[in-house]
Number of protein chains: 2
Amino acid sequence: MAYQRSTLMQERLADNRQRIVLAARGLIARGGFREASITAVAAAAGLSTGAIYRYFPSKADLFVEVLTDAVRRECALLRELIARPGTASARLCAAVESFAKRALEGPHLAYAFIAEPADPEVEAARILCRQEFSDVFKTVLSEGVASGEFPKQSVEVAAACIVGAFTEALVRPVAPTTRRVDDRKLVAAIVDFCHRAVAGVPSPSRRSRAAPR
Amino acid sequence: MAYQRSTLMQERLADNRQRIVLAARGLIARGGFREASITAVAAAAGLSTGAIYRYFPSKADLFVEVLTDAVRRECALLRELIARPGTASARLCAAVESFAKRALEGPHLAYAFIAEPADPEVEAARILCRQEFSDVFKTVLSEGVASGEFPKQSVEVAAACIVGAFTEALVRPVAPTTRRVDDRKLVAAIVDFCHRAVAGVPSPSRRSRAAPR
DNA sequence: AAAAAAAGTGAAGCGAGCTTCACAAATTTA
DNA sequence: TAAATTTGTGAAGCTCGCTTCACTTTTTTT
């Protein structure tokens, strides 16, 4: 009869796989791709180097999964925010702000995901991830345009621009010995930019939010 | 008699050395340290790999020189701006703006210089470079405090904070397929931040500069 | 419990890139 | 021009990290 894994065994395997991904993500967050050698990942996951290759055909494939896994979670969160009740404007800002804040919590990780030079395979995965982000924002833009809240525009292009603005403005890898620029200000500025770009107005509500507190 | 290099020969050697440094800088600007292999540097400089080691004892030493060379030029420019006539406030802003603008012209290079994970030797050189930048700003801060233009403060710490703010806010490596956030806005925001931090006032002159144009 | 199948190990294979070295070319001295 | 010295070459050496593989351990089937 064909070999059949018990549920306990299946869980253990799934757990191993997850631990590998988490170990890789942790190492990347600490020191970029440089730190995430297979040896280091294996050690951090409590496995031998050979075991890694039972779960992933290559290092690049592992990195691609780390990337897409993180992006999937991120997109799910954003979709949830965007699906909530409220004006398109408010929901867009909430999504942008949420994304920006989280990216700033792990700037080194964000940099690795967005721009650190990597294998062609990983670069290819990045394109797809950008597209996924773009699609999320396209939803709320379309709704805003349909309701007349936003002026008529190419939501396809606008969504891509928002993602582009993120990735350009957000990535600030860790500078070890220095203090950070105030994250909230940066987030507010990015939210502001995106909102203005889409809504086509100076957005006084934004200004009043940025100033006090 | 002892061997003596002719001036022509000396010039050729100096030229070779300079070409190596420039080649390395160019490659780093294009694709980070990853692209700047000794083979690639040698090819770009029009020399053999072995020749590189007549000018630099190791790859790390070459990178350190690329770094310190660029920083030296940058600091010279900043010192010049700071030495000009005008209020401490204006000179500080001019220096910050100048620095920020130039960094944004080559974000990948800036990232490599400021934060890309590298050899310990290069990291050590970074600390010294930060110190050098810090010292430049300390000058104008001291003058501002002495003249009563800035409130009393630790210029040592404040200068370090300014450099820290830069390095955190500026580094935005290239995102290949997307358009950039408006550089001028980012520069203005950084100038604004630094000025406010030092002068301790909302700086209405800054606001009026950021809005129009 | 024995056999079969899968999962896990870690040392060895392998390639890429830094570095060295024996040799060639060029430059300076005599 | 010949000898001495320095500079330049590029293939070979070496190291490091990804990947593989023969073998052990664990899990499943009979």
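For the numbers below, each heavy atom of this structure counts, side chains included, while hydrogens, waters and symmetry mates do not. Reminder, nothing fancy here: chain letters follow the sequence lines and each chain counts from 1.
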**Request:** Please confirm whether R17(B) makes a cation-pi placement over F56(B), using NZ or CZ under 6.0 Å from the six-membered ring centre and within 45° of the ring normal.
**Result:** yes
**Request:** May I ask you to say what F56(A) touches in the nucleic acid, namely base, sugar-phosphate or nothing, with a heavy-atom cut-off under 4.0 Å?
**Result:** nothing
**Prompt:** Are R91(B) and E80(B) close enough for a salt bridge, meaning some N to O gap below 4.0 Å?
**Reply:** no
**Protein-nucleotide distance (R12(A), atom CZ; dA7(C), atom C1'), rounded to Å** = 7 Å
**Phosphate contact (dG8(C) OP1 or OP2) by Y55(A) side-chain N/O below 4.0 Å** = yes
**Message:** How many whole angstroms separate atom CD of Q10(A) from atom P of dT28(D)?
**Reply:** 10 Å
**Prompt:** Hey, is the main chain of V66(B) close enough, under 3.5 Å, to the side chain of R25(B) for a donor-acceptor pair?
**Reply:** no
**Complete:** Whichever of T39(A) and R54(B) has the more 5' nearest nucleotide on DNA chain D, that residue is R54(B)
**Message:** Pick the closest DNA chain C nucleotide for M9(A) and for A60(B) by heavy atoms, then say which residue is nearer the 5' end.
**Reply:** M9(A)
**Complete:** Per salt bridge (charged side-chain N to carboxylate O under 4.0 Å, His left out), K138(A) is matched among E132(A), E143(A), E156(A) by E156(A)
**Request:** Begin from the C-alpha positions of R72(A) and D69(A) and carry the test side-chain contact (heavy atoms from CB on, under 4.5 Å) through to its verdict.
**Result:** CA-CA 5 Å; R72(A) 191 181 309 118; D69(A) 183 66; 3.7 Å; yes
**Proximity to DNA chain D (any heavy atom under 4.0 Å), residues of residues 14-21 of chain B only** = N16(B)
**Prompt:** Is the shortest side-chain N/O distance from S6(A) to OP1 or OP2 of dT28(D) below 4.0 Å?
**Reply:** yes
**Message:** If you count every heavy atom of other residues, nucleotides or ligands that lies below 6.0 Å from R30(A) atom CZ, does the total exceed 12?
**Reply:** no
**Message:** Please classify the nucleic acid contact of R34(A) as base, sugar-phosphate, or nothing, using heavy-atom distances under 4.0 Å.
**Reply:** nothing
**Message:** So which atom in K59(A) and which in F33(A) form the shortest heavy-atom distance, rounded to 0.1 Å?
**Reply:** NZ-O, 4.4 Å
**Item:** SB check D119(B) R34(A) (cutoff 4.0 Å)
**Value:** yes
**Request:** Measure the distance from OH on Y53(A) to C1' on dA22(D) and round it to the nearest whole Å.
**Result:** 18 Å
**Message:** With a 4.0 Å cutoff (strictly under), does any side-chain N or O of R5(A) reach OP1 or OP2 of dA7(C)?
**Reply:** yes
**Fill in**
Rounding to 0.5 Å, atoms CZ (F63(A)) and CD1 (I28(A)) come to a distance of 4.5 Å
**Message:** With the threshold set at under 4.0 Å for non-hydrogen atoms, list the residues of residues 43-52 of chain B touching DNA chain D in residue-number order.
**Reply:** L47(B), S48(B), T49(B), G50(B), A51(B)
